[in-house]
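One structure is given below, encoded as structure tokens.
Everything numeric here is computed off the predicted structure, so don't read it as measured data. Computed over heavy atoms, backbone and side chain alike; hydrogens, waters and symmetry mates excluded.
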Amino acid sequence: MAPSPTGLLHVGNARTAMYNYLLARKTGGAYVLRIEDTARDRSQPEFERAMLAEFRWLGIDWDEGPEIGGDYAPYRQSERIDLHREWLERLKATGRVYRCFCTPEELAEERKRAQAEGRPPKYSGKCREIAESEVEGRLNAGEAAAYRFRVEPRKVGFKDLVLGDLEEDAGLWGDFVVGRSDGTPVYNFAVVVDDHTMEITDVVRGADHISNTFKQTVMYEALEILPPRFAHLPLMLNQKRQKLSKRDGSVSVAEYREQGYLPEAVRNFIAFLGWNPGDERELFSLDELIEEFSLDRVSSANPIFDIEKLDWFNGVYIRNMSVASLASAAKPYVREAGIDVAKNGDPYFEQALALEQERVKKLSDFGDALRFFFVEQVDPDMKFLVKKKGTPEETADALTQVVGLVAEHDVDDVERSEGYLRGLAEELGWKAGELFMPIRVAITGSRATPPLFETLKVLGKERVVKRLQRAIELLSVV
RNA sequence: GGCGCAUUCGUCUAGUGGCCCAGGACAUCGCCCUCUCAAGGCGAAGACCGCGGGUUCGAAUCCCGCAUGCGCCGCCA
């Protein structure tokens with residue numbers, strides 16, 4: 001994989017990296033990470049660091065790359081410029097490149113005019129036939145000149161492992177730049193040099209690179225070297241059905257991590273955006289994905305990123321976790337929500353967590369879900385604290401009796417609590433739910449909570465009594 | 001504007017000439033379970049397979065055209 005560090009890692013790139021990774025692990029090949037940082041103005045080391053961290057979080061590791069090195073170092077494109085220059089010399093030797101003196105301004109102007117007149121914005125070839133002597137003269141006079149590749153009009157094709165045979169007419173291109181006037185290589189040329197010199201066998205990248213691949217194909221031929229295998233992945237689209245962009249805000253992997261999506265869920269979800277095993281299974285571990293993945297089952301249509309399905313995957317993975325590992329995963333998020341996790345000890349936290357485990361979709365949901373377990377007092381909504389179709393007075397009376405029972409029998413045995421509380425409801429002539437709801441609201445402040453008796457047990461007699469008494473007071477003021 | 005790629009339920013998709021008047025999953029709705037909320041179980045609704053022509057005894061599947069969407073057309077990657 002070869003990301004360019006010009007922003008945060010977004011889910012589209014993450015999927016591409018995943019497929020690369022799966023393919024490498026499945027075939028037993030070496031997985032190479034190369035940083036494409038030839039965009040000097042936009043590439044930033046912070047982005048590189050962040051991206052690598054994000055890959056690791058997803059469980060994607062690599063065999064060769066910056067930091068860890070490898071036989072084909074260096075692994076940053078910007079550090080391979082000498083090699084690119086060397087290969088540019090080779091290209092020059094084939095007579096396929098020439099100097100172009102057009103300034104960026106002139107070219108932009110040309111393009112604008114072409115667009116306005118409805119012509120394809122293609123380089124005119126203006127500098128193509130400048131005589132060798134004139135080239136030298138202008139160069140000596142200090143004029144800047146780029147290197148352009150002389151394109152011969154003909155059909156260019158390659159076999160794509162996902163899309164099949166692809167073909168394009170090179171006659172439509174115009175000569176393209178391979179070396180900038182400042183001496184640095186252009187990405188599309190650097191890639192050819194790097195892929196070849198690093199002995200890359202398989203290139204899996206986004207479909208937005210298809211037209212680059214045609215041009216690379218021509219360069220490979222000119223240099224008389226063999227291209228790698230290519231596979232282009234249909235572009236992941238946002239809800240508006242546009243290509244996912246780094247400028248697109250809510251698509252960075254970091255954001256999902258921060259919201260409490262689990263790496264295994266994100267992985268599983270992303271893998272299924274454009275790939276499936278051919279049967280109806282959907283839950284796949286990394287190892288299973290490696291085992292089953294193949295490029296020929298990658299679909300050729302553009303998938304749309306649908307957060308609801310991710311939510312479902314995440315919920316499934318949260319439910320499947322052991323309480324202990326869920327606890328360590330969730331703690332930072334709960335703390336982030338302003339809750340003093342350590343306050344009542346780990347066992348308390350884990351018991352509370354276990355009650356909410358099947359009720360959340362994201363780790364960040366635990367903050368709100370667990371809050372009532374940790375606050376000093378809850379603020380019950382009077383509307384629901386009062387018995388349905390009942391009065392504050394009778395509710396207060398009932399809760400007073402509940403306090404008595406709790407004080408006498410404790411709440412440490414779920415079945416016993418249920419027994420005596422059901423008994424009370426019967427005595428009162430109430431339906432069980434009519435009694436349980438006021439209790440629930442009194443002790444949690446909410447109508448949607450884990451099962452009542454287990455909640456009572458975790459909270460403990462003392463808290464329960466205190467909260468009930470406060471609710472009774474609130475009811476008496478009404 | 002040119003070129004390329006794509007087009008099956010709202011979304012992800014199965015489907016490679018007869019098993020498909022199209023299967024699964026998410027979401028939605030209903031029922032069950034039930035002390036609430038979830039989870040779970042069961043069920044419903046939801047796709048004239050983008051449109052139009054062919055080929056064939058037979059097409060979602062093959063061919064052609066059109067439409068739409070996306071991508072690329074940079075001394076960005």
*Under 4.0 Å between a side-chain N/O of A:Arg422 and OP1 or OP2 of B:C35, yes or no?*
yes
*asked:* Would you compute the distance between atom CG of A:Leu9 and atom CD of A:Glu48 and round it to the nearest 0.5 angstrom?
replied: 12.5 Å
*Is a side-chain donor or acceptor of A:Glu255 paired with a backbone partner of A:Ser252 at a separation under 3.5 angstrom?*
no
*Using a heavy-atom cut-off of under 4.0 Å over every strand shown, decide if A:Pro121 touches base, sugar-phosphate, or nothing.*
base
*asked:* Measuring only the C1' atom in each nucleotide, how far is B:G69 from B:C29? A whole number of Å is fine.
replied: 31 Å
*Using the P atom on both, measure B:C70 against B:G54 and round to a whole Å.*
31 Å
*Look at the side chain of A:Asn212 and the base of B:A77, then say whether one donor and one acceptor between them are separated by less than 3.5 Å.*
yes
*Does B:C62 pair with anything, Watson-Crick or G-U wobble, both distances under 3.5 Å, and if so, with which nucleotide?*
B:G54
*Should A:Ile35 and A:Leu52 be marked as a side-chain contact (heavy atoms from CB on, under 4.5 Å) after you check the CA-CA gap, both sets of side-chain angles, and the distance that decides it?*
CA-CA 10 Å; A:Ile35 303 293; A:Leu52 301 200; 4.3 Å; yes
*Nearest-angstrom distance, P atom, B:A77 to B:G40*: 48 Å
*Taking C-beta and beyond as the side chain, do A:Thr197 and A:Arg80 meet within less than 4.5 Å on heavy atoms?*
yes
*Would you tell me if any nitrogen or oxygen in the side chain of A:Arg297 comes within less than 4.0 Å of OP1 or OP2 on B:G15?*
yes
*Describe the nucleic acid contact of A:His209 in one word from base, sugar-phosphate, nothing, applying a heavy-atom distance below 4.0 Å.*
base
*Ignoring the backbone of A:Ser299, work out which of B:U13, B:C12, B:C26 is nearest its side chain.*
B:U13
*Identify which nucleotide among B:G4, B:A77, B:U7 has an atom closest to any side-chain atom of A:Glu168, counting heavy atoms from C-beta outward.*
B:G4
*Which nucleotide sits closest to the side chain of A:Ile210: B:C37, B:U7, B:G4?*
B:G4
*Proximity to the side chain of A:Val186 - top-ranked nucleotide from B:A39, B:C26, B:A77*: B:A77
*Contacts to RNA chain B from residues 428-453 of chain A, heavy-atom cutoff under 4.0 Å, which residues?*
A:Phe436, A:Met437, A:Arg440, A:Arg447, A:Ala448, A:Thr449, A:Pro450, A:Pro451, A:Leu452, A:Phe453
*Length of the line joining A:Asp208:CG and B:G74:C1', which is rounded to integer Å*: 14 Å
*Indicate whether OP1 or OP2 belonging to B:A77 is found under 4.0 Å from a side-chain N or O atom of A:Thr38.*
yes
*Among B:A77, B:C75, B:A14, the nucleotide that comes nearest once only the side chain of A:Asn276 is considered*: B:A14
*Same-atom distance (P) from B:U61 to B:G50, integer angstrom*: 8 Å
*Run the salt-bridge test on A:Lys92 and A:Glu89 with the 4.0 Å N-O cut-off and return the result as yes or no.*
yes
*asked:* I want to verify a distance call: between B:C3, B:A77, B:U11, whose nearest atom is closest to the A:Arg180 side chain?
replied: B:A77
*Tell me which nucleotide among B:A77, B:G10, B:C75 gets nearest to the side chain of A:Leu107.*
B:C75
*Does A:Lys309 get its side chain close enough to the base of B:A27, under 3.5 Å, for a donor-acceptor pair?*
no
*Among B:G23, B:A39, B:C26, which nucleotide sits nearest the side chain of A:Glu308?*
B:C26
*Give a yes/no answer on whether the side chain of A:Arg148 brings an N or O atom under 4.0 Å of OP1 or OP2 in B:C75.*
yes
*Counting only side-chain N and O atoms of A:Arg281, is one of them less than 4.0 Å from OP1 or OP2 of B:A14?*
no
_Categorize A:Tyr187 for me: base, sugar-phosphate, or nothing, with a 4.0 angstrom heavy-atom threshold over every strand shown._
base
*asked:* Side chain of A:Ala146, heavy atoms from C-beta onward: which of B:C75, B:A77, B:C3 has the nearest atom to it?
replied: B:C75
*Grab the CG-P distance between A:Asp311 and B:A39 for me, whole Å please.*
12 Å
